[in-house]
2 protein chains.
Amino acid sequence: MNSRRTSPERPTGPGRATMRDVASRAGVSVKTVSRVVNDEAGVTDELVRRVTAAVTELGYRHNLTASHLRRGHRTASIGVLVQDLSNEFCGAVLRAIEDRARAEGVVVIASSIDEDAERERETAHGLVARRIDGLILMPASRHQDYLDTDRASGLAVVAVDRRPLVTEIDAVVADNQGGAAEAVGHLIAHGHRRIAFLGDSESIATAAERRDGYRMALRASRIGQDPALERMDLRTTEDATRATHEVLGLDDPPTAIFAARNVICTGAVVALQQLSLSGTVALVGFDEVAIGEFVEPRVTVVRQDTHTIGANAFDRLLARLDGDQAPASIEVVPTTLVKRGSGEIRAPRKSAKPRRAVRR
Amino acid sequence: MNSRRTSPERPTGPGRATMRDVASRAGVSVKTVSRVVNDEAGVTDELVRRVTAAVTELGYRHNLTASHLRRGHRTASIGVLVQDLSNEFCGAVLRAIEDRARAEGVVVIASSIDEDAERERETAHGLVARRIDGLILMPASRHQDYLDTDRASGLAVVAVDRRPLVTEIDAVVADNQGGAAEAVGHLIAHGHRRIAFLGDSESIATAAERRDGYRMALRASRIGQDPALERMDLRTTEDATRATHEVLGLDDPPTAIFAARNVICTGAVVALQQLSLSGTVALVGFDEVAIGEFVEPRVTVVRQDTHTIGANAFDRLLARLDGDQAPASIEVVPTTLVKRGSGEIRAPRKSAKPRRAVRR
DNA sequence: ATGAAAGCGCTAACAG
DNA sequence: CTGTTAGCGCTTTCAT
């Protein structure tokens with residue numbers, strides 16, 4: 001271990017050159033090396049030259065972990081906890097965060113939590129131990145009180161995609177309810193009155209919000225809810241395919257489907273193709289869905305602005321780190337209805353009878 | 001700054017409790033706190049209890065950045081540099097790496113480099129300054145000598161997806177040439193002799209390898225190459241759609257297409273749909289393509305095993321960190337031909353003349 | 001303009 | 001079983 005002491009100038013070899021190595025090689029003090037490395041003013045050109053030379057000769061690399069220990073204690077790193085890094089939506093949000101972070105010289109430690117609240121907690125605490133400055137979180141947990149201690153000691157936290165259940169945490173979320181209501185309203189405007197809802201588990205806040213938007217749109221047009229047309233707890237594409245078959249097999253089947261998540265929408269597309277109803281039953285999805293542009297008819301979707309969601313989440317985090325003391329708030333990012341065909345299929349005549357439409 | 005000195009026991013408030021705070025609160029030495037925090041054996045139950053109590057009362061969190069500075073100098077963190085975090089393939093590989101890393105208590109700093117060699121270099125050096133133990137890299141650069149100094153001082157480096165141009169770096173890549181040859185062989189076996197190749201820029205190693213596999217398969221069946229059927233430099237879906245239209249507009253058009261990348265394959269699907277040739281011209285893609293399962297006919301593809309690629313890259317990195325001194329090697333992960341319909345379309349009679357099909 | 005010394009929060013090495 | 005001391009690599013006083 002003390003080979004260091006004995007040979008203060010190993011140029012290569014295992015182990016890295018330290019500032020002291022550079023200093024002794026350049027014949028200056030450590031502080032001077034520090035000044036040069038950090039581009040501080042007030043060092044003679046001559047010394048800058050000598051230090052720079054020593055740096056390259058020894059292959060010296062500045063050690064930020066040591067540097068952070070001393071100054072300000074900020075590490076210029078943040079944690080980003082998403083459900084699944086390989087998921088389209090999560091990847092897009094992460095990418096938006098990363099782009100803003102890079103611009104600020106902040107690195108991103110990314111991790112998947114797979115809807116597991118326990119893993120969320122463990123991972124978050126693990127990153128706190130590494131002294132991340134802030135945390136952007138797509139919560140799987142029901143409560144985020146496990147972060148109270150850390151927030152109290154300065155950790156900035158922002159939730160994305162899902163509203164946190166702790167009101168003091170900032171959040172940036174899509175307008176799930178509004179987007180869903182717009183989608184369903186769009187279907188109603190095309191004459192549909194029997195509209196199925198296919199959604200994820202109610203315990204996921206976004207899923208519940210989209211369901212609420214669906215109901216709200218029905219109410220706004222005085223269309224009664226039919227529980228048989230509401231299918232929740234659909235986790236996979238296969239679940240959704242099955243559910244689509246089931247609702248279309250009802251005595252009074254829906255003429256339109258609102259699929260409240262990308263995998264669910266994909267499942268609905270498959271079912272409609274299997275039943276040769278793609279051109280007959282209207283469909284609107286939530287989330288950009290990869291296949292949306294390539295099936296016939298192309299799929300109308302409610303698009304979430306992943307770029308804005310990610311970028312604004314980072315900016316909010318940064319503002320907090322810079323001392324913003326405003327009360328926590330929830331930023332709702334608007335969605336966009338992208339009309340591509342499947343959502344513009346009109347309802348068949350019979351279900352558009354004015355009398356039945358009144359209050360079923 | 002010295003408020004610390006004056007009030008050694010701020011329980012909450014900004015700033016974090018240190019080991020010394022815990023020690024004084026529990027009435028023990030710092031070393032004892034260290035032992036408890038690190039689960040070291042040989043501390044009285046009574047003291048463990050007192051320390052644990054003080055820890056929770058003060059909201060103490062272990063500071064790994066300080067800890068790493070002292071011991072071994074390993075940070076249990078790695079950098080992962082991919083082309084684009086929001087890309088399907090990159091996301092899948094990253095996820096596989098992350099899962100293995102989590103199991104080993106290693107965190108992943110992820111970053112996109114967007115085919116920009118300069119950014120690759122800067123990002124890598126930035127992470128070295130944070131003392132990552134290792135780096136998994138999907139190289140955009142032509143050369144990786146910029147890592148020589150860091151590799152010499154102990155940085156472990158593994159390339160994924162693309163072979164590095166520095167032979168001393170380990171790599172885990174898909175069998176691009178073999179996969180492409182298998183795809184083209186499959187088309188030949190279905191009677192095709194006019195097979196178009198649609199690929200990315202030749203400067204990207206994987207693209208060139210796939211092109212070589214295509215040529216090799218043609219040669220193996222004594223089918224002459226026709227430069228008019230080879231289209232490179234296709235970057236986007238739109239490029240590919242255009243190129244597909246062009247080759248199909250030739251006097252002697254291809255009866256089959258090999259699309260050597262996911263976005264290219266998507267573009268070919270679009271073109272075939274526009275021309276109503278989806279059921280007539282055979283198509284095999286490279287990479288799992290999102291739409292592959294949902295268009296008619298479903299798309300036959302050469303699938304890359306992203307899970308194995310990512311997991312093995314991490315394991316290789318870990319082996320190096322654990323002192324493995326074996327010479328660098330390139331692990332080639334086999335691909336799988338997934339037959340789903342589009343690749344099994346047979347060539348029309350006339351091109352299947354027995355005389356030309358010398359030895360099928 | 002440069003340097004010496006102290007210390008960030010922690011742990012290895014050695015007492016007691 | 002517990003505590004003291006020194007020091008990881010750097011930066012912040014404060015001298016010179």
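This is a predicted model, so every value here is computed, not measured. Below, chains carry the letters A, B, ... as their sequence lines are ordered, and counting in each starts from 1.
Spacing between atom NE2 of A:H68 and atom P of D:dG9 amounts to 17 Å, rounded to whole angstrom units. Atom-to-atom, CD of A:E40 to P of D:dC10 comes out at 14 Å; the value is rounded to the nearest Å. Rounded to an integer number of Å, the gap from B:L64 CG to C:dC8 P is 19 Å. For A:E46 and C:dT2, the CD to C1' distance is 14 Å, given to the nearest whole Å. Rounded to whole Å, the distance from NE2 on A:H62 to C1' on D:dG9 is 9 Å. The separation between B:R16 atom CZ and C:dC10 atom C1' is 15 Å, rounded to whole Å.
Bending across the helix from C:dA1-D:dT16 to C:dG16-D:dC1, expressed as the angle between its end axes from five pairs apiece, amounts to 40° (10° rounding).
Between A:A23 and A:V30, the shortest heavy-atom distance links the atoms CB-N, 3.7 Å. Between A:R316 and A:V158 the shortest heavy-atom distance is CG-CG2, 3.8 Å. Considering all non-hydrogen atoms of both residues, A:D170 and A:P327 come closest at OD1-O, 4.5 Å.
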message: The test is salt bridge (Lys or Arg N to Asp or Glu O under 4.0 Å); show your working for A:E122 and A:R119 and say whether it passes.
response: CA-CA 5 Å; A:E122 281 171 7; A:R119 200 155 111 192; over 6 Å; no
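Picking from C:dT11, D:dC10, D:dC8 the nucleotide with the shortest atom distance to the side chain of A:T18 gives D:dC10. With D:dT11, C:dC10, D:dT12 as the choices, the nucleotide that has an atom nearest any side-chain atom of A:M19 turns out to be D:dT11.
At least one side-chain nitrogen or oxygen of A:T32 sits closer than 4.0 Å to the OP1 or OP2 atom of C:dG3. Contact check, B:S34 against C:dC10: no side-chain N or O comes under 4.0 Å of OP1 or OP2. Phosphate proximity of C:dC8 to B:N63: absent, as no side-chain N or O sits under 4.0 Å from OP1 or OP2.
If B:R131 and B:S29 are placed on DNA chain D by their nearest nucleotide, the residue sitting closer to the 5' end is B:S29. Two residues, B:T44 and A:V37, neighbour DNA chain D, and the one matched to the more 5' nucleotide by heavy-atom proximity is B:T44.
Residue side chain B:R20 does not reach the base of C:dG9 through any donor-acceptor N/O pair under 3.5 Å, judged by distance alone. Remark: the A:R70 side chain and the D:dG9 base include no donor-acceptor N/O pair separated by less than 3.5 Å. Residue-to-nucleotide contacts include a donor-acceptor pair under 3.5 Å from the side chain of A:R35 to the base of C:dG3.
Backbone-only contact: B:L47 has heavy atoms under 4.0 Å from sugar-phosphate atoms and none from a base.
Of the listed residues (A:N312, A:D315, A:V108), just one forms a side-chain contact (heavy atoms from CB on, under 4.5 Å) with A:R100, and that residue is A:D315.
Rounded to the nearest 0.5 angstrom, A:D148 CG and A:I169 CD1 are separated by 7.5 Å.
The existence of a salt bridge linking B:R49 and B:D45 is excluded, since no basic side-chain nitrogen approaches an acidic carboxylate oxygen closer than 4.0 Å.
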